[in-house]
Amino acid sequence: MLYHVRMDVRVPHDVEAATFDRLKAAEKARAEELQRSGTWRHLWRIAGEYANVSIFDVADHDELHAILSGLPLFPFMQIAVTPLARHPSAIA
Ligand SMILES: O=C(O)C[C@H]1C=CC(=O)O1
């Protein structure tokens with residue numbers, strides 16, 4: 001199943017820069033791993049915002065939740081999920 005996911009990163013002011021840098025590095029490694037496996041199909045920065053739009057390809061809601069809640073930056077993100085169904089006019 002495909003899911004459109006928007007992630008908005010909210011950095012709390014009381015988090016140390018070094019701590020946040022470490023979490024960002026861990027997030028990058030995990031994002032790259034999930035992209036290589038085909039699970040994280042698209043990852044786009046929303047211009048002008050500390051946010052992304054992504055497409056995930058997973059078995060079901062439970063797998064998506066497990067992946068998203070396991071992301072290193074999960075505690076600092078607001079996440080909006082939209083399940084996608086095939087459009088009848090889509091040719092690909
Ligand atoms: O920067 C972001 O949009 C948040 C998060 C998603 C992938 C990643 O590397 O960081």
Side-chain angles (χ1 to χ4, degrees):
M1 292 178 69
L2 295 177
Y3 293 85
H4 173 283
V5 178
R6 176 175 173 140
M7 304 178 206
D8 288 82
V9 184
R10 301 279 178 256
V11 189
H13 298 296
D14 57 350
V15 172
E16 292 207 6
T19 303
F20 198 69
D21 285 348
R22 199 166 52 248
L23 287 169
K24 271 197 297 189
E27 177 84 17
K28 180 176 168 59
R30 180 66 174 140
E32 289 175 354
E33 178 182 40
L34 288 165
Q35 285 172 85
R36 276 189 221 102
S37 73
T39 299
W40 197 326
R41 285 251 209 117
H42 290 271
L43 171 57
W44 294 95
R45 176 65 74 218
I46 298 176
E49 298 184 38
Y50 193 178
N52 73 73
V53 163
S54 293
I55 301 292
F56 283 81
D57 188 353
V58 292
D60 53 27
H61 297 5
D62 291 331
E63 184 184 0
L64 182 67
H65 181 74
I67 288 169
L68 295 178
S69 60
L71 292 175
L73 287 181
F74 180 76
F76 305 110
M77 294 196 286
Q78 283 185 349
I79 300 179
V81 173
T82 307
L84 300 176
R86 182 161 180 76
H87 193 289
S89 302
I91 61 167

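Scope of the values below: all heavy atoms of this structure, side chains included, with no hydrogens, waters or symmetry mates. Read the numbers this way: they start at 1 and go in the same order the structure lists the ligands and their atoms.
At a 4.0 Å cut-off, at least one heavy atom of Trp40 sits close enough to ligand 1 to count as contact.
For Lys24 and Glu27, the salt-bridge test fails: no basic side-chain N is under 4.0 Å from an acidic carboxylate O.
The Lys28 neighbourhood of ligand 1 comprises atoms 9 (O), with distances under 4.0 Å to a heavy atom of that residue.
Distances between N or O atoms of Arg45 and those of ligand 1 include at least one value under 3.5 Å. Inclusion of Asn52 in the set of residues having an N or O under 3.5 Å from an N or O of ligand 1 is warranted.
Under the 3.5 Å distance criterion, the side-chain polar atoms of Trp44 are left unmatched by any main-chain donor or acceptor of Ile46. With Arg45 contributing its side chain and Ala51 its backbone, the two residues share a donor-acceptor pair below 3.5 Å.
What you find for Pro83 and Tyr3 is that their closest heavy atoms are CA-CD2, 3.7 Å.
For Val9, every heavy-atom contact with ligand 1 shorter than 4.0 Å involves the side chain, none the backbone.
Here ring pair (Phe, Tyr, Trp, His ring centres under 6.0 Å) pairs that include residues 72-92, with residues two or more places apart or in two chains, are Phe20-Phe76.
Nearest protein heavy-atom contact of atom 10 (O) of ligand 1 is Glu27 CG, 3.1 Å.
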